[in-house]
There are 2 protein chains.
Amino acid sequence: MIQVAEAVFAERGYTAASMDEIAERVGVSKPMLYEYFNSKEGLLLACIREARAELRRVTAQAVANSPTGEEALRQGLLAFFGFIRDRRQAWSLVRHEASLVGTAAEELETTRQQQTDLIATLMGDFTDPETARMAEESGLLQAAAEFVVGGCERLAIWSEQRSDLTPEIVAEYAVNLLWGGLAHIADR
Amino acid sequence: MIQVAEAVFAERGYTAASMDEIAERVGVSKPMLYEYFNSKEGLLLACIREARAELRRVTAQAVANSPTGEEALRQGLLAFFGFIRDRRQAWSLVRHEASLVGTAAEELETTRQQQTDLIATLMGDFTDPETARMAEESGLLQAAAEFVVGGCERLAIWSEQRSDLTPEIVAEYAVNLLWGGLAHIADR
DNA sequence: AGTCCACCTTACTCGAAGTAGGTTACTTCC
DNA sequence: GGAAGTAACCTACTTCGAGTAAGGTGGACT
């Protein structure tokens with residue numbers, strides 16, 4: 001059910017996708033969808049949750065057992081950009097999640113936060129404990145995690161339009177930028 | 001007209017905002033809106049374009065005449081996060097622009113690219129010419145610009161939920177992360 | 001057999017996007 | 001001055017899709 005909905009949302013876009021079509025393609029009638037998901041937004045939300053969960057699973061696995069922070073970053077990003085390429089539909093949902101509004105939007109933030117929390121924790125692990133504690137209290141760790149996610153998502157959208165770039169190259173760019181910072185590029 | 005539409009979209013969200021309401025609040029009838037903007041999407045697009053143009057103006061001005069790359073970055077980010085705080089409505093549109101789909105979405109990418117181009121050029125200016133040329137050819141400059149924009153947008157959304165953070169603090173976080181990179185935080 | 005209940009459907013309402021066709025008021029030309 | 005044309009605008013519709021109400025079908029339990 002969610003799979004079909006994912007496909008329809010991805011190919012038509014949220015607004016243009018009709019519940020009638022989804023119901024028909026699933027092979028049930030519309031009230032059934034409402035029974036399970038309450039509303040169109042609810043259905044989209046369920047799809048996005050699913051997609052995000054998968055993304056989280058994939059990256060968490062990739063990151064596990066990296067000896068250094070830089071290596072963890074590289075592996076995580078590789079997994080992320082690979083996901084973008086291989087699961088276009090799922091990614092398309094995550095990308096357009098901003099269409100949601102109101103209650104659904106708040107629920108979504110929760111889901112999203114699981115992702116950033118993962119990253120924030122991870123960064124904490126690779127940081128000197130005292131520094132980490134301070135960074136956490138000031139919110140810097142959270143900020144950094146948000147930053148990583150936002151930057152990479154944007155980078156992913158950008159890279160979709162450039163067929164010459166493989167996930168490996170994009171991941172390498174991202175590691176360079178993120179790890180070394182702009183200071184490594186701009187020197188004046 | 002665009003001002004009113006901006007307000008309605010911002011307070012109701014794209015889907016929930018009705019053309020009837022906008023028309024009424026503007027003081028004209030619905031067909032007039034369609035005359036000028038062709039469709040609901042067209043209207044939203046016009047609003048977003050306006051908002052982005054303003055954002056670009058503000059940041060470009062802030063960045064001008066900075067002696068170093070780091071300073072330019074700081075000033076630009078300050079302007080950006082200030083904009084978020086002072087022009088909530090406009091920002092809300094930019095934030096939700098992903099709702100657009102199809103032709104409108106493509107037009108939007110153009111608008112957005114003006115922003116990233118600005119940043120890419122700027123970074124080029126602060127970089128050793130030879131390095132800059134190489135970075136430009138490989139697409140690294142573009143990638144970096146996308147990254148900056150994405151990261152900061154996400155950071156802005158995050159900071160909206162934390163009332164204890166001023167634009168100055170958030171900008172400072174962003175500068176730290178962007179300029180120095182994660183290597184400065186994570187040390188293992 | 002009869003009753004109940006979970007499950008699913010058809011067939012509706014209602015609201016909002018988009019449009020057709022008419023009206024007013026103003027300009028232009030005879 | 002008045003007829004013809006036109007720009008700007010409105011009222012009143014059509015259409016489409018989200019969400020719902022009320023009813024049917026088959027199995028389980030008494």
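Here is the naming used below: chain letters follow the sequence lines, and residue numbers restart at 1 for every chain. What you see below is based on every heavy atom in this structure, not just the backbone, and it leaves out hydrogens, waters and symmetry mates.
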> Record whether the side chain of B/Lys40 comes under 3.5 Å of the base of C/dG18 through a donor-acceptor pair of N or O atoms.
no

> Regarding B/Lys40 and the six-membered ring of B/Tyr34, is the cationic atom NZ or CZ under 6.0 Å from the ring centre and inside 45° of its axis?
no

> Which part of the nucleic acid, if any, lies within contact of B/Ala17, taking any heavy atom under 4.0 Å across all strands shown: a base, the sugar-phosphate backbone alone, or nothing?
sugar-phosphate

> If you look at every strand shown and take non-hydrogen atoms under 4.0 Å, does B/Met19 touch a base, only sugar-phosphate, or nothing?
sugar-phosphate

> Which of these nucleotides, C/dC8, D/dA21, C/dA17, is closest to any side-chain atom of A/Met32?
C/dC8

> With sugar-phosphate meaning primed atoms plus P, OP1 and OP2, does B/Phe37 contact a base, only sugar-phosphate, or nothing at under 4.0 Å between heavy atoms?
nothing

> Could you tell me how far apart A/Leu44 (CG) and D/dA18 (P) are, to the nearest whole angstrom?
12 Å

> Can you tell me how far P of D/dT11 sits from CD of B/Glu24, to the nearest Å?
11 Å

> Compare the minimum distances between each of C/dT9, C/dA20, D/dG19 and the side chain of A/Tyr34, then state the nucleotide with the smallest one.
D/dG19

> Under a 3.5 Å distance rule, please check whether A/Thr127 uses its side chain to pair with a backbone N or O of A/Met123 as donor and acceptor.
yes

> Under 3.5 Å, is there a donor-acceptor pair linking the side chains of B/Gln113 and B/Glu109?
no

> Between C/dA16 atom C1' and B/Leu43 atom CG, what is the distance in whole Å?
15 Å

> Taking the side chain of B/Lys30 as its heavy atoms from C-beta onward, which of D/dT11, D/dG19, C/dG18 lies nearest to it?
C/dG18

> Please determine, for the side chain of A/Asp20, which listed nucleotide (D/dA21, C/dA20, D/dG17) has the closest atom?
D/dG17

> Would you find a donor on one side and an acceptor on the other, under 3.5 Å apart, between the side chain of A/Ser92 and the backbone of A/Arg88?
no

> Rounded to the Å, how far apart are B/Glu21 CD and C/dG18 P?
16 Å

> For the pair made of CD in A/Glu35 and P in D/dT20, what is the distance, rounded to whole Å?
12 Å

> Taking only the side-chain heavy atoms of B/Ser18 (C-beta and beyond), determine which of D/dG19, C/dG18, C/dA17 contains the nearest atom.
C/dA17

> Would you kindly give the CG-to-P distance between B/Asn38 and C/dT19, to the nearest whole Å?
9 Å

> If the threshold is 4.0 Å, N to carboxylate O, is there a salt bridge linking A/Arg112 and A/Glu107?
no

